[in-house]
Amino acid sequence: MRLASVRGMRDILPAETGLWQGVEGAIRELFGRYAYREIRPPVVELAELFARGVGAETDIVHKEMYVFPDRKGQMLALRPEATASVVRAYVEHAMHAGSDLVKLYYLGPMFRYEKPQMGRQRQFHQYGVEAIGSLDPALDAEVADLAAQLVADLGLDRARLRFRVNTIGCAADREGYRGVLLSHLGPRAVGLCSDCRRRLEQNPLRVLDCKVPSCREIVCEAPSSADHVCSACAEHFEGFKGHMEALGLSYEQDATLVRGLDYYTRTVFELASEELGAQDALLGGGRYDDLVALLGGPETPAVGFAGGMERLVMLLHREDREEPELDWYVIPVTDDPEVVRWTSQILAAMRRAGLAADRAYVRKALRKSLQVAARKAKGAVFVGPEEIASGAAKARDLAAGVERVVSLAALVDPDAVRGQLAAEEAS
RNA sequence: GGGAGCGUAGCUCAGAGGUAGAGCACCGCGCUGUGGCCGCGGUGGUCGCGGGUUCGAGUCCCGUCGCUCCUCCCA
């Protein structure tokens, strides 16, 4: 069989890369505006980082991570997410020493060995922010506001997006709530699905977001974590919600919102879209106050979120018209060596002057070359014996269908070109 | 990991046991240095891959790989 890309890993072709660059540009611009600076951690880390940071028992680490030994037998992993890497870098480079609050963002490929489907690939791309060094609930709200602003900037329909928030408390609260939850769910275990009976022992919180109808019934009567957090965490959550309202961000509180990574504490949130099908989470995040210390740094609270690029691109995909990108397409009208040389010289001059230009390299009927030109460029320039003799060229506006003789100097002057085209369109 | 559907030309798809097709795209000609229309002609396929049944398989059977959807999980 012919060689093909690896399952779950796809090519992003030129027809799509324009959209990707646009989304990436919007992300970088917005995150910069919120005072986050880019960090680029490596794609490969010690496998242990994720086992410790994300949690050895989480699905992501336990079942989905690409793990392999290098040539010296060291166990490495392709990163399944970036927060652990960013925090590792924060600790490794003692970034706490340089600033009271460190705000970082990243953008790049992640890897999870899952069954591929719409909106879920084995290599996918995430963007995200991490604000490390403050426990202020206003910072949680800033991160949520940033997420909301991103989808607004990209022009997504707010009515079809759902912002859900919850609190799962600090580490001590989680331990306490785990007991409360167990004593509620334990007697009802018979009614739970087989997965949930297993979760009951490993991570009872995950029973909460099970989608099996019978489990949901049992779960909706279960005590919610928000009612079982300590007063400090409850106050923090109230503060967070207050700031959300102050910023005009609408949300729904959802007691079943539990994230799949072990490091989360207190605030958790998720933004989902109705338009994405089964994989509807656009972005998700929350607070992780214990992770920095867990990875060997000082006790440092932090909050962040991550979102999926593919899912964002999918929502924007409806407008995919392809417009000519080049300013000029230069066509030699004969095979004459002199003509061909002039063509290359004019082309080079245009490019050096900052114009986007290309030329016909495939010899064919002139009208065919014009068809190609109309697909690729805003204007066509003809080079032949007549043009060489007069020292000017025939330039054609391909949208307006108007043609006029232009001096070579005008051809390579970006301002003149714009004036020229505008004048032709007006006439 | 569990379940379902689909893989035929670059793209969208017909073909239901008997010579692999259409539309679009691409190339050429009509139209010698001027586009989008029209007409005519042409290039292009180990029918995902491997086995089996049959005189004969794109078509039926089994396996496998891939895609899509659900479940699961999350971004």
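It should be emphasised that the depicted structure is a prediction, and the values quoted were computed from it without experimental measurement. Lettering of chains follows the sequences in order, A, B, ..., and the numbering in each one begins at 1.
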Among all residues two or more places apart in sequence or in another chain, which pass the side-chain contact (heavy atoms from CB on, under 4.5 Å) test with A:M118? A:M314
Length of the CZ-P vector between A:F50 and B:rA75, whole Å: 14 Å
Could you tell me how far apart A:E64 (CD) and B:rA75 (C1') are, to the nearest whole angstrom? 11 Å
Using the C1' atom in both, what is the distance from B:rC31 to B:rC37, to the nearest Å? 13 Å
Assign A:D280 to base, sugar-phosphate, or nothing according to its heavy-atom contacts below 4.0 angstrom with the strands shown. base
With sequence neighbours left out, what residues match A:R40 under salt bridge (Lys or Arg N to Asp or Glu O under 4.0 Å)? A:E38
Under a 3.5 Å limit on both distances, the Watson-Crick or wobble mate of B:rA22 is B:rU12
With rounding to the closest Å, how many angstrom separate the C1' atoms on B:rG48 and B:rG41? 32 Å
Which pair of non-hydrogen atoms, one from A:V383 and one from A:V339, has the smallest distance, and what is that distance? O-CG1, 3.3 Å
In whole Å, I'd like the distance from the NZ atom of A:K376 to the P atom of B:rC26. 12 Å
Centre of A:Y329's six-membered ring, under 6.0 Å away, within 45 degrees of the axis: is that where NZ or CZ of A:K376 sits? no
Under 4.0 Å protein heavy-atom contact, by nucleotide of nucleotides 30-36 of chain B - B base, S sugar-phosphate only: BB-BBBB
Assigned partner base of B:rU54, Watson-Crick or wobble definition, under 3.5 Å: none
Examine the side chains of A:Q149 and A:D145 and answer whether a donor and an acceptor come within less than 3.5 Å of each other. no
Where do N or O atoms of nucleotides 4-7 of chain B meet protein N or O atoms at under 3.5 Å, pair by pair?
none

Applying side chain to side chain donor-acceptor pair (under 3.5 Å), can you list everything that pairs with A:R259, at least two apart in sequence or on another chain? A:E270
Using atom P of each nucleotide, how far apart are B:rG23 and B:rG3 to the nearest Å? 43 Å
Remember a base hit wins even if backbone is also touched, and classify A:I331 as base, sugar-phosphate or nothing at under 4.0 Å, heavy atoms. nothing
Can you confirm if the aromatic rings of A:Y288 and A:Y263 lie within a centre distance of less than 6.0 Å? yes
Figure out the OH/P separation between A:Y113 and B:rG1, and round it to whole Å. 6 Å
A:E29, A:H125, A:M309 screened by side-chain contact (heavy atoms from CB on, under 4.5 Å) with A:E24, the one that passes: A:M309
Kindly say whether the aromatic ring centers of A:Y105 and A:Y127 come within a distance under 6.0 Å. no
For a quick check of understanding: with a heavy-atom distance under 4.0 Å over all strands, which category does A:L261 fall into, base, sugar-phosphate or nothing? sugar-phosphate
P atom, B:rU8 versus B:rG45: distance in rounded Å? 15 Å
Mate of B:rG28 where both pairing distances stay under 3.5 Å, Watson-Crick or G-U: B:rC40
Does the side chain of A:D140 pick up a donor-acceptor pair with the side chain of A:T267 at under 3.5 Å? yes
With both distances under 3.5 Å as the test, what is the Watson-Crick or G-U wobble partner of B:rU34? none
With rounding to the closest Å, how many angstrom separate the P atoms on B:rU19 and B:rU59? 14 Å
Pairwise C1' distance for B:rG50 and B:rC24, with rounding to whole Å: 33 Å
Can you tell me the pairing partner of B:rU68 across any strand shown, Watson-Crick or G-U wobble, with both distances under 3.5 angstrom? B:rA4
Taking atom types as modelled and ignoring hydrogens, do the side chains of A:S134 and A:D136 form a donor-acceptor contact shorter than 3.5 angstrom? no
Provide a list of protein-nucleic acid N or O atom pairs under 3.5 angstrom, restricted to nucleotides 66-72 of chain B.
unit_1 : atom_1 : unit_2 : atom_2 : d
B:rC67 : OP1    : A:G8   : N      : 3.3
B:rC67 : OP2    : A:R7   : NH1    : 2.7
B:rU68 : OP1    : A:R10  : NH2    : 2.9
B:rC69 : OP2    : A:M118 : N      : 2.2
B:rC70 : OP1    : A:A278 : N      : 3.2
B:rC70 : OP2    : A:Q117 : NE2    : 3.2
B:rU71 : O4     : A:Q117 : OE1    : 2.8
B:rU71 : O4     : A:R120 : NH2    : 3.4
B:rC72 : O3'    : A:R199 : NH2    : 3.1
B:rC72 : N3     : A:R120 : NH1    : 2.7
B:rC72 : N4     : A:R120 : NH1    : 3.2
B:rC72 : N4     : A:Q279 : NE2    : 2.5

Looking at A:R178 and A:D173, does any basic side-chain N land under 4.0 Å from a carboxylate oxygen? no
Side chains of A:S5 and A:R10: do they bring a donor and an acceptor to under 3.5 Å? no
Taking the same atom, C1', in B:rU68 and in B:rG28, what whole-Å distance lies between them? 39 Å
Integer angstrom distance from the P of B:rC13 to that of B:rU71: 24 Å
